[in-house]
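Report on the following structure.
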Amino acid sequence: KAGVTQTPRYLIKTRGQQVTLSCSPISGHRSVSWYQQTPGQGLQFLFEYFSETQRNKGNFPGRFSGRQFSNSRSEMNVSTLELGDSALYLCASSLVGDRPYGYTFGSGTRLTVV
Amino acid sequence: DAKTTQPNSMESNEEEPVHLPCNHSTISGTDYIHWYRQLPSQGPEYVIHGLTSNVNNRMASLAIAEDRKSSTLILHRATLRDAAVYYCILWGGSNYKLTFGKGTLLTVNP
């Protein structure tokens, strides 16, 4: 059974640019959530999608956005990149997101903003 | 979000049991206790979860206090591959997210 796939694995962008990260959930999983991990702030929740609808959003500026497609794949976009956006971005999928089933995480996309 | 308190770090020897504690005195009746771990250079990995009763799976056991204000993750025989940051998380389900604290860094000595 394939796990959660995140692409690309590594990315280097320049300040002011925008970036799109992709996440393919486990087959059959309909809930996809995104997290940002930095050494200073740890793991922080960005947003969660289910059936193409955002159900919850973390405390991040509007430059961070996401979407989910009908096949449950998800993308997140960060516009006007800042140095502080350098982080590991993790995607997690779950069957429906509102049951105590475990979330399965991908290996993440390491974004470096220079 | 209800908070959890874990020791910053713990050390264990290979093939010995490890008991990782977690305090969650403000847990609500509908909160599940989840444990995840994160190995170096990987995303977090689900370990186990429970509500009231003790739980076992192939990775670990979860012992939940009777008043549910604390729990302990038990690794029965630690291996070097168990060296990771372990996160204890309360999950209520209604907000569709995991709230991670700083976790416990487990070091396993050969």
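Reminder, nothing fancy here: chain letters follow the sequence lines and each chain counts from 1. Worth saying up front: this structure is predicted, and the values here are computed from it rather than measured.
With chain A as the partner, the residue from B:Gly43, B:Pro44, B:Ser41 showing the most heavy-atom pairs under 4.5 Å is B:Pro44.
For the residue pair B:Tyr86 and B:Arg37, a side-chain donor N or O sits within less than 3.5 Å of a side-chain acceptor on the partner. Between A:Ser22 and A:Arg73, the side chains place a donor N or O and an acceptor N or O closer than 3.5 Å (distance only, hydrogens not considered).
Within the cation-pi definition used here (under 6.0 Å to the ring centroid, within 45° of the axis), A:Arg55 qualifies as a partner of A:Phe50.
The shortest distance between side-chain heavy atoms of B:Ile33 and B:His24 falls below 4.5 Å.
Heavy atoms closer than 4.5 Å to chain B are found nowhere in A:Gln44, neither backbone nor side chain. With a threshold of 4.5 angstrom between heavy atoms, B:Leu98 approaches chain A through its backbone and through its side chain. Contacts between A:Tyr35 and chain B at a heavy-atom distance below 4.5 Å involve the side chain alone, from C-beta outward. With a 4.5 angstrom heavy-atom cutoff, A:Leu90 touches chain B only via side-chain atoms.
Only one option out of A:Ser72, A:Ser93, A:Ser24 pairs with A:His29 in a side-chain contact (heavy atoms from CB on, under 4.5 Å); it is A:Ser93.
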